[in-house]
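Here's the structure, in structure tokens; my notes come after.
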Amino acid sequence: MATIAPFRAVRPRPELASQVAAPPYDVVSLKEARDLAEGNPHCFLRIGRAELELGDGVDPYSGEVYQRGADNLRKLINDGVLAQESQPLLGVYRQKWGQHEQTGIVALASVDEYDRGIIKKHEYTRPVKEADRVKIIETHESQSGPVLLFFRQTAKIDQWLKGVTNTKPDVHFIAEDKIEHTVWSVRDPSAIQEVIKDFQVLPALYIADGHHRSAAASRVRASRGHASVLPSGNHEDGFLAVIFPHDQLQILPYNRVVRDLNGLTPKELLEKLAPHFELQVTGQPGKPPSAGFDMYLEGQWHRAQPKQDPSLNSQRDPVRALAVSELTERVLDPLLGIKDQRSDPRIDFVGGIRGTQQLAALVDSGDWAVAFWLYPTTVEELMAVADADRVMPPKSTWFEPKLRDGLFVHMLRDE
């Protein structure tokens with residue numbers, strides 16, 4: 001049983017939605033955040049990444065930053081830029097990026113079902129990021145970064161979504177990154193109850209993007225000692241989510257750069273890879289093979305394809321069948337000495353949206369020794385790992401397009 005609930009969302013006035021909506025604060029640099037917010041007092045990055053308004057030396061995890069974000073949220077509400085719905089509703093949120101389109105339901109998901117594993121995870125969280133999310137929720141008294149969930153598509157929910165999206169939307173705009181955003185509201189109680197019942201027959205929901213946000217919601221609920229019944233209103237027992245059908249999601253690769261070669265020369269690294277991979281020098285790479293990766297080293301791209309098909313491991317262990325696992329087990333751990341990707345400062349992660357040119361530029365700068373471009377994890381692989389109660393290596397998926405912050409806010413206290 002999967003539980004969703006309507007809520008009294010705080011939302012921007014429709015004519016201001018494009019000014020308020022902003023990328024998630026943790027996928028843009030401080031400079032990018034400042035550039036996006038420049039000249040726009042309504043930009044939601046002023047809430048999620050409030051250090052953009054403060055000096056360069058400010059600690060982004062300081063109380064001053066969290067309080068500035070809370071004050072900025074309060075100002076948008078007081079100024080009428082944001083307003084709370086008078087009754088609980090569900091939203092429908094469509095994103096279109098080029099030829100890709102995905103349409104999901106904006107609702108509260110159940111913290112209790114997250115805690116009990118009905119909402120399935122596929123990765124561990126990083127303590128610093130989780131604590132940051134907790135501080136934001138507690139200081140702002142709200143959840144403003146929705147968790148991206150998904151479910152196995154059903155004909156009934158598909159039909160329900162088509163019925164909503166055939167009506168006139170509340171909000172429509174194209175953002176500066178050319179992604180199109182459209183929002184509908186569902187206020188009719190019978191329509192809300194219809195889709196709630198359709199979700200109740202689902203055995204599980206899956207986290208696509210937002211492990212830190214959902215974990216933080218669980219910690220906040222636990223610290224406040226509330227019961228585990230999800231109401232149809234504002235409460236710590238629910239967390240803000242946008243829930244998509246599984247067959248509409250798009251995963252890009254989540255790539256890696258490593259600071260040094262762990263004492264190896266480039267030639268020695270290639271020699272140590274040779275027993276396990278077919279190596280081929282390439283030009284600007286295309287899409288990597290499903291079982292391999294491309295590696296940028298000393299100004300040259302190399303394609304590495306496993307000599308043994310890792311899909312043979314999938315029946316025994318769905319994690320080992322992943323391209324990122326092949327890289328971890330054959331390269332990062334034994335050769336480059338990266339034992340814990342979550343904490344080792346010698347490795348960093350680059351979302352697939354940045355492209356291969358960004359990877360090459362990082363290595364060419366001299367700050368990084370090698371870059372790896374991976375084949376993206378599939379939605380089916382993600383579900384197989386989650387259904388087996390396993391976790392992927394850190395940063396195995398990069399979902400695109402990202403959900404915009406600020407279109408829906410879940411307040412923990414009524415306005």
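Just so it is clear, the structure is predicted and the values come from calculations on it, not from any experiment. Heavy atoms only: backbone and side chains are in, while hydrogens, waters and symmetry mates are out.
- Aromatic rings from F293 and Y375 are positioned such that their centres are separated by 6.0 Å or more.
- At a threshold of 4.5 Å between non-hydrogen side-chain atoms, the residues V92 and V186 count as touching.
- Salt bridge status for K307 with E326: absent, with no side-chain N to carboxylate O gap under 4.0 Å.
- Using a 4.0 Å cut-off between a side-chain N of Lys or Arg and a carboxylate O of Asp or Glu, D56 and R34 qualify as a salt bridge.
- A donor and an acceptor atom, one from each side chain of S185 and R11, are located under 3.5 Å apart.
- A donor-acceptor pair is defined here as one N or O able to donate and one able to accept, closer than 3.5 Å; such a pair exists between the side chain of Q300 and the backbone of T282.
- The backbone N or O of L240 lies less than 3.5 Å from a partner atom in the side chain of Q143, making a donor-acceptor pair.
- Taking a cutoff of 4.0 Å between a charged side-chain nitrogen and a carboxylate oxygen, D367 and R259 do not qualify as a salt bridge.
- Ionic pairing of D237 and R221 is present here: one or more N-O contacts between side-chain nitrogen and carboxylate oxygen are shorter than 4.0 angstrom.
- We find the CG-CG distance between L273 and L279 to be 6.0 Å, quoted to the nearest 0.5 Å.
- Contact of the D35 side chain with the E32 side chain is not registered, since no non-hydrogen atoms from C-beta on lie closer than 4.5 Å.
- Distance alone, capped at 3.5 Å, places no donor-acceptor pair between the R390 side chain and the E123 backbone.
- With values rounded to the nearest 0.5 angstrom, L76 atom CG is found 5.0 Å from L82 atom CG.
- In this structure, the side chains of M383 and Y206 come closer than 4.5 Å at one or more pairs of heavy atoms.
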TODO: Run the numbers on K395 and D209 for salt bridge (Lys or Arg N to Asp or Glu O under 4.0 Å), then give the verdict.
DONE: CA-CA 10 Å; K395 305 297 186 183; D209 200 2; over 6 Å; no

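- The two atoms that bring L374 and P253 nearest to each other are O-CB, 2.8 Å, heavy atoms only.
- Of all the heavy atoms in L252 and I353, the pair that sits closest is CD1-N, 3.8 Å.
- The shortest heavy-atom contact between A50 and G69 is CB-N, 3.5 Å.
- Electrostatic pairing of R346 and D340 does not count as a salt bridge here, judged by no charged N lying under 4.0 Å from a carboxylate O.
- Using a 4.0 Å cut-off between a side-chain N of Lys or Arg and a carboxylate O of Asp or Glu, R404 and E176 qualify as a salt bridge.
- The number of heavy atoms from other shown groups lying within 6.0 Å of CD (E15) is above 12.
- Look at R68 and E51 and you find no salt bridge, because none of the NZ, NE, NH1 or NH2 atoms lies under 4.0 Å from a carboxylate O.
- Of the N and O atoms on the side chains of Q305 and E278, not one donor lies less than 3.5 Å from an acceptor on the other residue.
- Q250 contributes a side-chain N or O that, together with a main-chain N or O of E400, makes up a donor-acceptor pair within less than 3.5 Å.
- Side-chain contact check for Y114 versus L205: every heavy-atom pair is 4.5 Å or farther apart.
- Taking 4.5 Å as the limit, every side-chain heavy atom of L359 sits out of range of all side-chain heavy atoms of R256.
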TODO: Might you work through the side-chain contact (heavy atoms from CB on, under 4.5 Å) test for K339 and D344, ending with a clear yes or no?
DONE: CA-CA 8 Å; K339 303 298 182 182; D344 196 318; 5.9 Å; no

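- Taking each heavy atom of V171 and A17 in turn, the nearest pair found is CG1-CB, 3.6 Å.
- The pair D71-K75 does not count as a salt bridge, with every side-chain nitrogen at least 4.0 angstrom from each carboxylate oxygen.
- H122 places a side-chain N or O within donor-acceptor distance of the main-chain N or O of I207, the cut-off being under 3.5 Å.
- In the model, D188 has a side-chain atom that pairs as donor or acceptor with a side-chain atom of S190 under 3.5 Å.
- A salt bridge is absent between D26 and R49; no separation between the charged side-chain nitrogens and carboxylate oxygens falls under 4.0 Å.
- Between R8 and E85 there is no salt bridge, since no side-chain N of the basic residue sits under 4.0 Å from a carboxylate O of the acidic one.
- Formation of a donor-acceptor pair under 3.5 Å by the S142 side chain with backbone atoms of V409 is not found in this model.
- The aromatic ring centroids of F244 and F150 lie 6.0 Å or more from each other.
- Checking side-chain atoms of S396 against main-chain N and O of P393 turns up a donor-acceptor pair under 3.5 Å.
- Within the 4.5 Å cutoff, the side chain of V220 has heavy atoms near those of the E138 side chain.
- At a threshold of 4.0 Å, the pair K120-D389 does not count as salt-bridged, since none of the basic side-chain nitrogens sits closer than that to a carboxylate oxygen.
- A donor atom on one side chain and an acceptor atom on the other are not found under 3.5 Å apart for N255 and Q358.
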Task: From CA spacing to verdict: side-chain contact (heavy atoms from CB on, under 4.5 Å), E130, R219 - done: CA-CA 9 Å; E130 187 177 313; R219 283 179 55 181; 2.8 Å; yes

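- Across all their heavy atoms, L149 and A241 have their closest contact at CD1-CB, 3.7 Å.
- Under the 3.5 Å distance criterion, the side-chain polar atoms of H100 are matched with a main-chain donor or acceptor of Q248.
- At a threshold of 4.5 Å between non-hydrogen side-chain atoms, the residues W398 and I251 do not count as touching.
- Of the possible donor and acceptor atoms, one in the side chain of N72 sits under 3.5 Å from a partner among the backbone N and O of R46.
- The side-chain contact (heavy atoms from CB on, under 4.5 Å) test with Y93 is passed by exactly one of I243, V183, T103: V183.
- By the side chain to side chain donor-acceptor pair (under 3.5 Å) test, K121 is found to be paired with no residue, residues two or more places apart in sequence or in another chain being considered.
- When the options W97, F173, F408 are evaluated for a ring pair (Phe, Tyr, Trp, His ring centres under 6.0 Å) with H181, the one that passes is F173.
- H212 and R133 are not linked by any side-chain donor-acceptor pair at a separation below 3.5 angstrom, with hydrogens and angles left out of the test.
- A donor-acceptor contact shorter than 3.5 Å links the side chain of D59 to the backbone of Y61.
- Side-chain contact between T165 and T182: absent, with no pair of heavy atoms (C-beta onward) separated by less than 4.5 Å.
- Summarising the geometry of V319 relative to V391, their closest heavy-atom pair is CG2-O, 3.4 Å, with the distance given to 0.1 Å.
- Of the residues listed (T328, D333, D348), the one engaging Q341 in a side-chain hydrogen bond (donor to acceptor under 3.5 Å, both in side chains) is T328, and it is the only one.
- In this structure, Y296 has its ring center at least 6.0 angstrom away from the ring center of F372.
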